[in-house]
Amino acid sequence: MKDDHKPISRKAFMDELARYRKGSVTRRHFLGVTGLGTAMAVMGGTLPRMARAQDIGNRVVLATWPNYHDPADFDAFTDATGAYTQVNVFGSNEEMLAKIQAGGSGWDVFVPTNYAIPTYVEAGLIEPLDLSKIPNYDPASYDPRFAEAGTIDGTVYGVPKNWGTTGIAFNSDKTGGVVDSWKTFFDGARDQFDGRVMVHDYQLTTIGNALVYHGFSFNSVDPAELAKAEELLIDVKPHLYAISSDYQPAMRNGDAWLTMCWTGDGKQMNTDMPEIGFALGKEGGEIWSDYYAIPKDAPHKEAAYALINFLLDPEVNAREALAHGYPVADSRTNALLPQELLDDPIIYPAAEALSPLEFGAAVTLTDPNRAELMARFKSA
């Protein structure tokens with residue numbers, strides 16, 4: 001097939017992507033203008049190599065995080081296999097764990113964060129992965145920092161999706177400038193930003209950043225240190241706009257001016273509204289990596305493997321990254337991304353900005369003191 005599509009500049013591509021994500025143009029227009037329509041047509045020529053509906057069923061259920069995928073890629077997966085992707089969105093690893101522990105989640109694929117995987121393995125809730133069914137996963141292409149948590153005692157239970165940070169999104173028109181400190185974040189919530197601040201509905205980050213405010217480890221389970229974090233959170237609670245992990249709507253409409261924020265959400269908002277910035281707390285905070293994994297009781301395991309393998313195709317993964325704005329640890333995917341994206345300080349912060357950050361620790365997921373603290377905070 002002859003390709004008459006003229007190359008598009010990187011800036012024009014990013015402009016068209018922003019228009020598509022806002023809903024200003026149709027998917028057909030976006031694919032046509034950027035040339036991705038041709039690429040997907042070429043992909044269509046390779047479909048006989050993929051599992052078809054009669055092999056994997058007509059549905060696959062994915063439990064994942066907010067604003068974390070390009071819906072067009074699920075459409076492409078359906079075109080390729082005949083299987084529809086049902087997406088369930090969650091705001092914390094605690095929610096995901098509780099759902100799987102209860103049994104009968106119906107999930108085929110889920111996206112746990114690095115620190116949660118040991119708990120799933122210990123409880124026998126997660127499937128050891130058959131990597132022969134995920135040929136698009138090439139361990140040598142991944143930065144080990146963001147891949148190693150998926151392997152426990154030599155067995156692979158998760159393959160890397162993305163990595164990122166947990167920082168602060170701020171509306172500079174309202175805050176008067178950059179907010180890059182947890183001290184400013186929490187103190188401001190009780191003062192000049194009263195009623196305009198959001199924290200996650202997620203104990204790891206909300207408690208963790210309250211601990212960092214006091215100079216403690218993000219992962220602390222020390223009772224005395226947790227008591228100080230609780231004192232801060234209870235004090236700030238009446239001044240918050242909301243406790244929610246779905247904070248983009250309030251930030252975009254101006255009801256909230258500040259929020260705890262994950263990398264991709266920060267990039268998505270900044271692309272559409274440049275006055276919304278993203279910064280890491282200079283005192284510390286979280287760096288994380290997320291994984292694709294399969295629950296032990298997944299009802300459609302062949303479909304699960306097919307979906308994971310599809311999403312890890314470097315070209316598909318590059319489209320995902322362009323849509324969600326999270327950094328990818330796969331060097332094959334990064335080679336396909338515009339240099340502007342790779343140079344973006346929101347997505348790829350400087351090493352010195354990352355150095356104070358901590359990966360979440362497994363103990364924080366199951367520590368009863370942290371769970372009880374979060375419950376008291378939410379009910380206060």
Which heavy atom of Val236 sits nearest a heavy atom of Ala189, and at what distance?
CG2-CB, 3.5 Å

Side-chain contact test, heavy atoms from C-beta onward, threshold under 4.5 Å: evaluate it for Leu204 versus Phe218 and give yes or no.
yes

side-chain contact (heavy atoms from CB on, under 4.5 Å) between Ile287 and Phe359, worked out
CA-CA 5 Å; Ile287 184 172; Phe359 280 98; 3.8 Å; yes

Trp107 CH2 to Met96 CE distance, which is reported to the nearest 0.5 Å
6.0 Å

So, for Tyr115 and Gly360, which heavy atoms are closest and what is the spacing to 0.1 Å?
CB-O, 3.1 Å

Are the side chain of Thr259 and the backbone of Cys261 linked by a donor-acceptor contact shorter than 3.5 Å?
no

With sequence neighbours excluded, what pairs up with Thr205 under the side chain to side chain donor-acceptor pair (under 3.5 Å) test?
His200

Where do Thr155 and Val121 land on the side-chain contact (heavy atoms from CB on, under 4.5 Å) test, with the steps shown first?
CA-CA 10 Å; Thr155 299; Val121 172; over 6 Å; no

Could you state the interatomic distance from OG (Ser289) to CG (Asn114), rounded to the nearest 0.5 Å?
4.0 Å

What's the separation between atom CG in Asp187 and atom NE2 in His239, rounded to the nearest 0.5 Å?
11.0 Å

Suppose the criterion is salt bridge (charged side-chain N to carboxylate O under 4.0 Å, His left out): which pairs have a residue in residues 122-137, not counting sequence neighbours?
Glu127-Lys301, Lys133-Glu302

Any side-chain heavy atom of Phe216 within less than 4.5 Å of one from Asp222?
no

Kindly give the cluster partners of Val328, where membership spreads through any ILVMFWY side chain lying under 4.5 Å from a current member.
none

Taking atom CG of Asp265 and atom NE2 of His324, what is their separation to the nearest 0.5 Å?
11.0 Å

The side chain to side chain donor-acceptor pair (under 3.5 Å) partners of Asp138 (sequence neighbours excluded) come to Ser141

With salt bridge (charged side-chain N to carboxylate O under 4.0 Å, His left out) as the rule and sequence neighbours excluded, what pairs involving residues 141-168 come up?
Asp143-Arg145

Would you say that more than 12 heavy atoms from the other residues, nucleotides or ligands in this model lie under 6.0 Å from the NZ of Lys282, or not?
no

Is there a side-chain contact between Asn317 and Glu320 in this structure, where contact means two heavy atoms from C-beta onward sitting under 4.5 Å apart?
yes

Taking all non-hydrogen atoms of both residues into account, name the closest pair between Phe310 and Asp73 and its distance.
CE2-O, 3.3 Å

Using only atom types and a distance under 3.5 Å, with no angle test, would you say the side chain of Thr78 pairs donor to acceptor with the backbone of Ala83?
yes

Give a yes or no answer on whether the side chain of Asp108 reaches the backbone of Ala304 with a donor-acceptor pair at less than 3.5 Å.
no

Distance flag, aromatic centroids of Trp65 and Tyr326, threshold under 6.0 Å
no

Which atom pair, heavy atoms only, marks the closest approach of Met251 to Ala169?
CE-O, 3.8 Å

Taking every heavy atom of Pro349 against every heavy atom of Ile347, the minimum-distance pair comes out as CD-O, 3.4 Å

If the condition is side chain to side chain donor-acceptor pair (under 3.5 Å), which residues does Arg196 pass it with, not counting sequence neighbours?
none

I'd like to check the side chain to side chain contact (heavy atoms under 4.5 Å, CB included) partners of Leu336; sequence neighbours left out, ordered by chain and number.
Pro314, Glu315, Ala318

Using the ring of each side chain (for Trp, its six-membered ring), is Phe193 parallel, tilted or perpendicular to Trp257, with breaks at 30° and 60°?
perpendicular

List the atom pairs, donor and acceptor, that lie under 3.5 Å between side-chain atoms in residues 372-380 and the rest of the protein, sequence neighbours left out.
from: Arg376; atom 1: NE; to: Glu230; atom 2: OE2; distance (Å): 2.7
from: Arg376; atom 1: NH2; to: Glu230; atom 2: OE1; distance (Å): 2.9
from: Lys378; atom 1: NZ; to: Asp201; atom 2: OD1; distance (Å): 2.7
from: Lys378; atom 1: NZ; to: Asp201; atom 2: OD2; distance (Å): 3.4
from: Ser379; atom 1: OG; to: Ala375; atom 2: O; distance (Å): 3.0
from: Ser379; atom 1: OG; to: Arg376; atom 2: O; distance (Å): 3.3

Can you measure from CG (Leu312) to CD1 (Ile134) and round to the nearest 0.5 angstrom?
7.0 Å

Could you check whether any side-chain N or O of Ser92 sits under 3.5 Å from a backbone N or O of Glu95, counting only pairs where one atom can act as donor and the other as acceptor?
yes

Does Thr364 offer a backbone N or O that forms a donor-acceptor pair with the side chain of Asn219 under 3.5 Å?
no

With side chain to side chain donor-acceptor pair (under 3.5 Å) as the test, pick out the partner of Asp272 among Arg252, Gln248, Lys267.
Arg252

Could you check if a side-chain atom of Val60 sits within less than 4.5 angstrom of a side-chain atom of His300, using non-hydrogen atoms only?
no

Between Tyr202 and Asn93, is any side-chain donor less than 3.5 angstrom from a side-chain acceptor?
yes

Kindly indicate, with the supporting measurements, whether the criterion side-chain contact (heavy atoms from CB on, under 4.5 Å) is fulfilled by Phe185 and Val199.
CA-CA 10 Å; Phe185 181 92; Val199 299; 3.9 Å; yes

Looking at Arg319 and Asp70, does any basic side-chain N land under 4.0 Å from a carboxylate oxygen?
no

Check for a donor-acceptor pair, side chain of Glu358 on one end and backbone N or O of Ser217 on the other, with a separation under 3.5 Å.
no

Please enumerate all residues that pass side chain to side chain donor-acceptor pair (under 3.5 Å) together with Tyr84, with sequence neighbours excluded.
none

Run the ring-centre check on Tyr142 versus Tyr137 and record whether the distance is less than 6.0 Å.
yes

Under the 3.5 angstrom rule, does the side chain of Tyr120 hit a backbone N or O of Leu97 as a donor-acceptor pair?
yes

Hey, could you give me the CG/CG distance between Asp194 and Leu240, rounded to the nearest 0.5 Å?
9.0 Å

Plane angle bin for Trp163 and Phe146 - parallel if under 30°, tilted between 30 and 60°, otherwise perpendicular:
parallel

Side chain to side chain contact (heavy atoms under 4.5 Å, CB included) against Thr64, all qualifying residues, sequence neighbours excluded
Leu62, Tyr68, His69, Val87, Val111

Val159 side chain reached by Leu131 side chain, heavy atoms, under 4.5 Å
yes

Can you see which heavy atom on Tyr241 is nearest to which on Gly195, and at what distance?
CB-O, 3.3 Å

Do Asp180 side-chain atoms and Leu280 backbone N/O form a donor-acceptor pair below 3.5 Å?
no

Lys237, NZ: over 12 other non-hydrogen atoms inside 6.0 angstrom
yes

Please list, chain by chain and in numerical order, all residues satisfying side chain to side chain contact (heavy atoms under 4.5 Å, CB included) with Ala210, sequence neighbours excluded.
Phe186, Ala229, Leu232, Leu233

Between the main-chain N or O of Asn136 and the side-chain N or O of Asn309, is there a donor-acceptor pair closer than 3.5 Å?
yes

Go through the structure and list residues passing side chain to side chain contact (heavy atoms under 4.5 Å, CB included) with Val221, not counting sequence neighbours.
Val363, Asp367, Arg370

So, does Thr263 use its side chain to make a donor-acceptor pair with the main chain of Thr165 at under 3.5 Å?
yes

